[in-house]
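In what follows, every chain begins at residue 1, and chains take the letters A, B, ... in the order their sequences are listed.
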Amino acid sequence: MNASRPDLVPDASLERDDMEALQREIAAAAAFEDDLEFDPAVLGDPLAASSSADDPPIVAGVDQSFLTNDAGDQDRALSAVVAMQGGEVIERVHAVTPLEIPYIPGLLSFREGAPILDALEELSVDPDLCLFDGSGRIHFRQAGIATHMGVVLDVPSIGVAKSLLCGSPREDVENLPEGRRVGIEANSRVDVADGTLLGYAVQTRQYDSPNRYINPLYVSPGHRVGPETAADVALALSTSYKLPEPVRLADSYADEAKRGLGE
DNA sequence: GCGACAG
DNA sequence: ATCTTGTCGC
């Protein structure tokens, strides 16, 4: 798949102010509501899937691992994509791309965006939905990596983060029961009216009982997906583990492919 | 100045 | 993100 908006591709050589300006543009171009070409209910309901006349939707998970040079610096990213359809992996691709800038909170897409786009170019199928490791709308300028990639590619996208970048949970998110979600709303650190719903803390898995618990995922709309659907999808795809299956598999594939380069 | 900060 | 064995608990 290729960029629909090459003009919005993240450019790591920009000044910080220009990066932030581009993010405001991304946010303005983003749709934080459902605009999918399939019924997201089929992702969790095999009955709905089998009764549908269409092929099941293709969902891609994307994640990165990093390669170090002789000096010990992270100089390249290995971006991995796992495409799934009806619960089966149908394609895996990856690309190794030089890194231009370090990790800066709020500017992640300028570090990892190019590697991700390189990997997605290798994909022969075209996904109906992409899941990224990181935030979507839960971002200072409402333009996390899932939103940036979604807008550039014009593909429905969702951000799946393991920790919260900004915003405020509407309730305590400690030790939530499996299946529960708690809204994350904008606060003064976010470029939108206070109280705006940015996404959800989603408890995809939880221990049955005792003295330890799993932290929730922070799920937010990237592009063309609303917050409710984003949370529904995360729950539907997190069948065996905390992470949605396409993301979990991309995560391990990123490590597997990296190891395949070494030894 | 202080605190917060995806991967 | 990454460096990494054993270990606690069901």
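- Across all strands, Gly159(A) comes closer than 4.0 Å to no nucleic acid atom at all (heavy-atom distances).
- Heavy atoms of Asp255(A) sit under 4.0 angstrom from primed sugar atoms or phosphate atoms, though from no base atom.
- Ranking dC8(C), dA4(B), dG7(B) by closeness to the Glu112(A) side chain, first place goes to dG7(B).
- Using a 4.5 Å heavy-atom cutoff, the side chains of Leu198(A) and Ser220(A) are not in contact.
- The aromatic ring centroids of His223(A) and Phe32(A) lie 6.0 Å or more from each other.
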Intra- and inter-strand pairs of DNA chain C in dot-bracket (Watson-Crick or G-U wobble, both distances under 3.5 Å; | for another strand): ..........

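- One can place CZ of Phe140(A) at 12 Å from P of dG7(B), the figure rounded to the nearest angstrom.
- Counting heavy atoms from C-beta outward, Asp128(A) and Gln85(A) have side chains that stay 4.5 Å or more apart.
- At a cut-off of 3.5 Å, with distance as the only test, no side-chain donor of Gln203(A) or Arg180(A) sits close to an acceptor on the other residue.
- Residue Ser163(A) places at least one side-chain N or O under 4.0 Å from the OP1 or OP2 atom of dG7(B).
- The shortest distance between the side-chain N/O atoms of Lys258(A) and the OP1/OP2 oxygens of dT2(C) is below 4.0 Å.
- Protein atom CG of Leu108(A) is 9 Å distant from nucleotide atom P of dA6(B), rounded to whole Å.
- Rounded to an integer number of Å, the gap from Ile145(A) CD1 to dA1(C) C1' is 12 Å.
- The side-chain tip of Arg111(A) does not point at the ring of Tyr103(A) from less than 6.0 angstrom away and within 45° of straight on.
- What separates CG of Asp133(A) from P of dA6(B) is a distance of 13 Å, to the nearest Å.
- Across all strands, Thr68(A) comes closer than 4.0 Å to no nucleic acid atom at all (heavy-atom distances).
- The side chain of Arg212(A) sits closest to dC8(C) out of dA6(B), dC8(C), dA1(C).
- Of the candidates dC8(C), dA6(B), dC5(B), dC5(B) carries the atom nearest the Arg189(A) side chain, counting heavy atoms from C-beta on.
- Taking atom CG of residue Leu243(A) and atom P of nucleotide dA6(B), one finds them 16 Å apart after rounding to whole Å.
- For dG7(B), the base is stacked against the aromatic ring of Tyr103(A), per a cut-off of 5.5 Å between centres and 30° between planes.
- Under 3.5 Å, the side chains of Ser168(A) and Glu185(A) contain no donor-acceptor pair of N or O atoms.
- Looking at heavy atoms from C-beta onward, Met84(A) lies out of side-chain contact with Ile58(A) at the 4.5 angstrom threshold.
- Within the 4.0 angstrom heavy-atom criterion, no nucleotide atom of any strand lies near Ile116(A).
- In this structure, the CZ atom of Arg248(A) is 20 Å from the C1' atom of dG7(B), given to the nearest Å.
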Checking Arg181(A) against Asp232(A) for the salt bridge (Lys or Arg N to Asp or Glu O under 4.0 Å) test, could you report, in this order, the C-alpha distance in whole Å, the side-chain angles of both residues, the deciding distance, and whether it holds? CA-CA 9 Å; Arg181(A) 67 187 66 180; Asp232(A) 290 344; 2.6 Å; yes

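- Atom pair Leu131(A):CG and dG7(B):P shows a separation of 14 Å (rounding to whole Å applied).
- Between the C1' atom of dC10(C) and the CZ atom of Arg205(A) lies a distance of 14 Å, rounded to the nearest Å.
- No contact: Ile138(A) has no heavy atom under 4.0 Å from any strand.
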